[in-house]
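In what follows, a structure is listed as structure tokens, so that the remarks can point back to it.
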Amino acid sequence: MIFVNDRATARAIEADFLARHTEAGDGDPDWLMKRAAHAVAEAVTALVHRGDTALVHRSPAFSPGCVESDDCLTLPRVCALVGGGDNGGDALYALAYLAEQGFSCSALLLAPKSHSRGRSVALEAGVQILDAYALVQEKLADQQDPAGGADGEQARSKLWALTDISNIATALEAPIWIDGILGIGASGELREPTRSFIEELVQLQQARGVKVVAVDVPSGQFSDDGEVTGPVVSATTTVTMGLLKTPLVLPPSAYYTGTLQCVPLGFNAQESDVRVVTDQDVARTVIRPDWADHKYTRGVAGLVVGSETYPGAGALSCLGASYSGVGMVRLDAPDQVLDLVLTLEPGIVGVGGRIQAGLVGPGMDDDTRVNALELAKFCVASHLPLIVDAGALSFVREMATVGGLERVLLTPHAGEAEAMFSQWGQKRPRWWVEQCPVEAARLLAKLSGANVLLKGASCILSTPQGEIVIVPRGSGWAGVAGSGDVLAGLLAGFAAQWGAKSERGSSTTSLVEALAAGALVHARAGERAASKVSVSGGPVTAIQIAKCVSSVIGELLA
Ligand SMILES: NC(=O)C1=CN([C@@H]2O[C@H](COP(=O)(O)OP(=O)(O)OC[C@H]3O[C@@H](n4cnc5c(N)ncnc54)[C@H](O)[C@@H]3O)[C@@H](O)[C@H]2O)[C@@H](O)CC1
């Protein structure tokens with residue numbers, strides 16, 4: 001697990017680190033900034049090397065011995081958007097490095113002041129510096145003064161248009177931008193003219209498909225809880241400094257991050273209640289069988305899934321559980337479901353017996369509800385881990401009558417979360433859950449007393465105490481019918497392995513960490529299934545995702 005800090009904490013950690021390492025830069029106050037800037041410049045060159053559209057220019061810098069010819073074009077132009085803080089300083093130094101490599105670079109200064117040493121170094125390296133803020137102010141002064149008051153303010157914001165000024169418009173034609181407008185020093189609502197600048201730049205970027213390397217965090221208006229409340233620049237790559245910040249990993253602001261790279265700068269995040277699950281957590285959870293292991297020591301998952309109405313959901317959950325690494329999957333389901341399951345995976349057992357974790361909900365109908373509730377109550381009363389999905393989310397309060405739900409995981413998507421809130425008399429519409437998923441997951445976990453995995457592009461796991469684990473986003477192609485059934489089965493498999501390890505005292509993870517690891521495997525399996533279709537991904541079905549689970553786990557254990 002990796003700890004993640006809010007922006008103010010991250011800023012304090014950086015400042016403290018710098019204060020304690022004053023000698024490190026041999027008197028250069030910008031030594032750390034220069035390291036950060038190097039990483040940003042490398043991210044830009046990586047975009048070029050990747051051969052992204054419109055960037056496939058070659059130059060002597062990349063083809064040693066190559067001379068100027070028709071085959072050997074110039075490197076793409078890079079434009080940095082430079083704010084008034086150190087984030088803008090990073091961008092200016094990064095441009096200087098790129099200019100030294102042969103890139104033609106422009107810096108648009110978007111605030112009344114900018115990092116003076118970074119600016120001088122960039123200028124010396126041949127970067128074109130455009131004081132966009134001053135140019136826009138000059139343009140404004142030339143215009144007739146608009147009326148005062150709120151209307152006047154609105155009229156002024158239109159006049160702040162950057163692209164009205166021809167040399168700024170030309171600089172913005174660059175196919176790659178570096179976003180250094182705002183870093184972790186930004187707070188509160190965006191002030192003008194920064195807000196207008198960002199709004200215009202976002203529109204331009206989307207219309208032209210500009211690739212953006214964001215410095216530390218994409219610029220815009222979002223909260224530390226991931227809520228997006230204003231315009232935000234959408235990065236292709238975000239190069240973050242030293243440690244992960246919450247808006248980079250918490251959805252929906254995390255969706256503006258693009259590929260996230262964290263540059264080690266010598267300091268780490270401090271312990272916090274937000275963490276990100278990693279590949280190592282998968283390796284710590286899955287039982288790697290040795291000579292003494294057999295099917296019972298590797299965990300047994302008990303499933304009440306599928307019905308005559310929904311046989312497929314049951315089958316997909318069984319496959320998810322079977323491929324998770326457990327020793328055995330027991331299934332209680334109508335004959336029609338059992339027959340289907342056995343044709344897909346004959347190893348599944350249709351007889352009851354000892355289990356280490358349970359799953360109820362996928363494919364449940366009115367006829368299977370009684371058995372599902374019985375298994376759920378058995379798990380709760382016996383303190384066994386239990387996954388509660390789909391239809392079974394409706395009887396959470398009933399389950400709670402037999403015991404505490406601290407070993408229960410509820411797995412709603414936003415629509416199911418809305419329905420669940422009403423069980424506690426709370427009106428929380430789906431749009432709110434989607435807009436504030438972290439708050440929604442925390443609240444639902446607190447109300448229910450169970451752990452909650454709120455499903456979305458990135459899944460958010462909250463404990464009743466409000467601790468959050470983020471499961472990084474997988475492939476969008478994995479959002480298909482049945483994918484959630486596979487996930488539920490996989491989670492039951494991971495819970496059973498955690499249960500088996502705990503019984504023999506060898507578990508090194510908490511149940512929550514084990515469950516988050518299961519969700520990570522599902523995200524990875526979705527990516528793998530999509531990448532088998534084509535290198536850039538393609539349509540997949542739930543069974544294809546399930547079939548990738550084994551190989552994903554195998555590789556993470558290697
Ligand atoms: N402190 C350090 O040692 C290091 C800092 N680094 C960089 O420095 C950044 C932090 O620098 P700063 O603390 O200068 O902060 P920022 O660069 O994030 O921004 C501060 C600027 O934004 C403006 N601003 C703040 N809130 C605003 C709002 N709501 N609307 C409009 N403008 C607003 C301020 O007036 C100020 O000009 C990091 O994100 C990172 O990029 C890196 O160079 C690594 C080393």
Side-chain angles (χ1 to χ4, degrees), residues 5-22 24-25 28-43 80-97 107-119 121-122 132-133 157 160 178-201 212-224 228-233 235 237-248 257 260-269:
N5 291 153
D6 60 42
R7 286 169 288 182
T9 307
R11 205 156 172 242
I13 291 172
E14 266 182 21
D16 176 62
F17 177 80
L18 265 183
R20 285 188 293 106
H21 294 83
T22 41
D28 179 357
D30 295 336
W31 68 276
L32 199 57
M33 185 177 271
K34 287 178 182 171
R35 274 198 206 167
H38 258 296
V40 173
E42 274 171 17
L81 315 168
V82 180
D86 285 355
N87 196 251
D90 292 348
L92 285 164
Y93 276 117
L95 276 192
Y97 297 136
L108 291 190
L109 310 182
L110 296 172
K113 63 180 180 69
S114 57
H115 193 277
S116 54
R117 291 183 299 272
R119 205 176 55 232
V121 170
Y133 183 88
S157 98
W160 276 316
I178 295 175
D179 165 18
I181 309 172
L182 297 171
I184 54 176
S187 60
E189 296 232 331
L190 288 178
R191 294 191 295 269
E192 290 293 9
T194 309
R195 185 188 176 92
S196 294
F197 287 159
I198 292 179
E199 263 171 1
E200 187 187 0
L201 291 165
V212 178
V213 174
V215 181
D216 210 10
V217 290
S219 300
Q221 191 174 303
F222 42 77
S223 73
D224 279 311
V228 175
T229 52
V232 183
V233 174
T237 304
T238 297
V239 180
T240 201
M241 309 310 166
L243 57 92
L244 297 182
K245 290 93 193 172
T246 49
L248 297 175
T257 304
L260 181 58
Q261 295 174 12
C262 188
V263 188
L265 288 182
F267 50 84
N268 294 310

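All ligand and atom numbering here is 1-based and tracks the order in the structure. Values in this document were obtained by computation on a predicted structure and should not be read as measured data. Side-chain atoms are counted along with the backbone in the values below, which use heavy atoms only and exclude waters and symmetry mates. Numbers here simply count residues along the sequence, with the first being 1.
With sequence neighbours excluded, no residue forms a salt bridge (Lys or Arg N to Asp or Glu O under 4.0 Å) with Arg35. Qualifying side chain to side chain donor-acceptor pair (under 3.5 Å) partners for Asp6, counting only residues two or more places apart in sequence or in other chains: Thr9.
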- [ ] Start with the C-alpha gap between Phe222 and Thr229, add the side-chain angles, then the distance that decides, and say whether side-chain contact (heavy atoms from CB on, under 4.5 Å) holds.
- [x] CA-CA 5 Å; Phe222 42 77; Thr229 52; 5.7 Å; no
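Shown are Leu248, Ile198, Val212; of these, the side-chain contact (heavy atoms from CB on, under 4.5 Å) with Pro218 is made only by Leu248.
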Under 3.5 Å, sequence neighbours excluded: what are the donor-acceptor pairs made by side chains of residues 179-187?
residue	atom	partner	partner atom	Å
Asp179	OD1	Ile181	N	3.2
Asp179	OD1	Ser219	OG	2.5
Asp179	OD2	Ser219	N	2.8
Asp179	OD2	Ser219	OG	3.2

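For ligand 1, residues of the protein lying within 4.0 angstrom by heavy-atom distance are Arg11, Glu14, Leu18, Leu32, Met33, Gly84, Gly85, Asp86, Asn87, Asp90, Leu182, Gly183, Ile184, Gly185, Ala186, Ser187, Gly188, Glu189, Leu190, Arg191, Thr194, Val215, Asp216.
You'll find the side chain of Leu244 stays beyond 4.5 Å of the side chain of Asn5, heavy atoms only.
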